[in-house]
Amino acid sequence: MTTVFSNSVVDDDTRRGLLYEGKVFVYSSTPASRDLIAFAQELIADAFGDRDPETAQYDMPVEEFAALLADLKPRFIHHPECKKLLPAVLEELGCRLDRTYFDVPRMRTSTSNDYLTSGISYAFHPHRDCWYSAPFNQVNWWIPIYPVVPENVMAFHPAYFDAPVRNGSARYDYAEWNRSSRLSAAQHVRNDTRDQPKPEEPIELDPQVRVVPEPGGVMLFSGAQLHSTVPNTSGRTRFSIDFRTVNIDDVRARRGAVNVDAACTGTTLRDFVRCADLDPMPEELALEYEAEARARVS
């Protein structure tokens, strides 16, 4: 069973514990989350000009659409304004800024009717972020920029939260991915040939849970959740923001979800900076997690 908490008032420490057990939290939009999506909308409007971004796919060759996203998404990801807006979202939802670390916010797109499903607009197969070298205390945050519907969000597959899935994570090392594969995303327009961790056995997609927040609404879930991109049949391109957080006390204490099937090496911990001052994750913790990942697969 998956429990979805709506506008819960539990404190962040309690919330993280429930997330590590497979629970999902969703919150109505806040002033800070509305500021974040308003900023994203400004960048999108500047990129698309007179076109409606949610329907522009019908007026543009797919290569042109992919090239536009290849410029737009990094501008959002690395814009200094995001480093101001994102901690404000976390603070409004109860995170301690001196204990919470975040990675860069990513702008995601899911086009309709298989227009663009690879590379810069990758449609994610069922996966856990933990297959991609994420720590088991990672919390994922997801925010729609425009209205979404059940036909263009993401799906959780709760039967697998504590059940192992045969997968290709043993071939994945985060440092190697950054060296050889990440920067080539925009080149994969018609298909994506990069080797990414996927299920290597049939997956029962049902039962599944789809959460449909309002624009600026915030959904939180564990990086250990098996989730996937819903095949978009809505007729509109979905735009959303996602980012990840870890609490340094949980990182130090190894408090998090149980690893049921991840065999990857490396760690994403170096991607995280502290909300309060943007200081990086202490290097000794990243080294410890890398050593533990190697030990798991040796």
Side-chain angles (χ1 to χ4, degrees), residues 5 7-20 23-40 42-43 73-108 129-130 132-145 174 213 216-225 240-257 267-289:
F5 289 85
N7 290 326
S8 172
V9 296
V10 300
D11 63 85
D12 184 51
D13 189 64
T14 301
R15 179 173 63 197
R16 296 194 316 277
L18 292 169
L19 289 164
Y20 301 152
K23 310 300 190 290
V24 175
F25 284 75
V26 63
Y27 296 91
S28 301
S29 66
T30 68
S33 71
R34 291 192 290 272
D35 287 344
L36 180 62
I37 66 166
F39 176 67
E42 289 178 12
L43 294 185
K73 290 187 175 185
R75 281 200 293 128
F76 175 79
I77 289 171
H78 300 296
H79 201 290
E81 189 68 14
C82 288
K83 293 182 174 64
K84 302 174 184 176
L85 295 171
L86 197 150
V89 174
L90 300 176
E91 186 172 35
E92 283 187 341
L93 291 178
C95 297
R96 284 185 53 183
L97 299 189
D98 62 331
R99 313 310 296 163
T100 305
Y101 287 62
F102 69 94
D103 71 352
V104 294
R106 293 168 173 84
M107 183 183 293
R108 306 288 192 185
D129 283 21
C130 296
Y132 291 76
S133 305
F136 298 99
N137 34 50
Q138 177 178 290
V139 174
N140 292 12
W141 299 64
W142 190 85
I143 304 172
I145 298 173
Y174 185 62
V218 185
M219 180 169 65
L220 285 69
F221 59 97
S222 167
Q225 282 276 7
S240 57
I241 297 167
D242 65 62
F243 56 91
R244 297 151 187 82
T245 61
V246 292
N247 179 284
I248 195 168
D249 298 322
D250 291 353
V251 173
R252 291 190 186 282
R254 307 306 194 264
R255 179 192 184 211
T267 182
T268 62
L269 277 177
R270 292 184 183 87
D271 292 348
F272 292 85
V273 297
R274 187 162 55 194
C275 290
D277 51 18
L278 304 184
D279 275 2
M281 179 67 61
E283 176 64 12
E284 66 269 18
L285 289 175
L287 291 171
E288 289 173 9
Y289 271 65

### Task
Kindly indicate, with the supporting measurements, whether the criterion side chain to side chain contact (heavy atoms under 4.5 Å, CB included) is fulfilled by Asn137 and Asn247.
CA-CA 8 Å; Asn137 34 50; Asn247 179 284; over 6 Å; no

### Task
Report the C-alpha distance between Val10 and Phe5 in whole Å, list the side-chain angles of each, state the deciding distance to 0.1 Å, and finish with yes or no for side chain to side chain contact (heavy atoms under 4.5 Å, CB included).
CA-CA 10 Å; Val10 300; Phe5 289 85; 5.8 Å; no

Determine whether a donor-acceptor pair (N or O, by modelled atom type, separation under 3.5 Å) exists between the side chain of [X] and the backbone of [Y].
X	Y	answer
Arg108	Asp242	no
Asp271	Asp103	no
Glu92	Ala32	yes

Can you name the nearest heavy-atom pair linking [X] to [Y], along with the distance?
X	Y	answer
Gln138	Phe272	OE1-CZ, 3.8 Å
Pro213	Pro144	O-CG, 3.7 Å
Tyr289	Asp250	OH-O, 4.2 Å
Gly216	Ile37	N-CD1, 3.5 Å
Ser28	Asn7	N-OD1, 2.8 Å
Pro105	Leu86	CB-CD1, 3.6 Å

Non-hydrogen side-chain atoms of [X] and [Y] separated by less than 4.5 Å:
X	Y	value
Arg254	Phe136	no
Cys95	Thr245	no
Cys82	Val104	no
Ile241	Phe76	yes

### Message
Please determine whether side chain to side chain contact (heavy atoms under 4.5 Å, CB included) holds for the pair Arg270 and Leu287, giving the CA-CA distance in whole Å, both sets of side-chain angles, and the decisive distance to 0.1 Å.
### Response
CA-CA 10 Å; Arg270 292 184 183 87; Leu287 291 171; 3.6 Å; yes

What's the spacing between [X] [atom1] and [Y] [atom2] if we round to 0.5 Å?
X	Y	atom1	atom2	value
Tyr101	Ile248	OH	CD1	3.5 Å
Met281	Phe102	CE	CZ	11.5 Å
Asn140	Asp129	CG	CG	4.5 Å
Glu284	Leu269	CD	CG	11.0 Å
Arg16	Lys23	CZ	NZ	16.0 Å
Lys73	Ile77	NZ	CD1	8.0 Å

### Task
For side chain to side chain contact (heavy atoms under 4.5 Å, CB included), just list the numbers for Leu93 and Phe25, CA-CA rounded to whole Å, side-chain angles, deciding distance to a tenth of an Å, and then say yes or no.
CA-CA 11 Å; Leu93 291 178; Phe25 284 75; over 6 Å; no

### Task
Would you mind checking if Asp12 and Arg15 are paired as a salt bridge, meaning a charged N to carboxylate O distance below 4.0 Å?
yes

### Task
Mind telling me whether His79 and Phe39 have parallel, tilted or perpendicular rings, with 30° and 60° as the class edges?
perpendicular

### Query
For Asp13, which of Arg99, Arg255, Arg96 qualifies under salt bridge (charged side-chain N to carboxylate O under 4.0 Å, His left out)?
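Filter result, single survivor: Arg255.
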
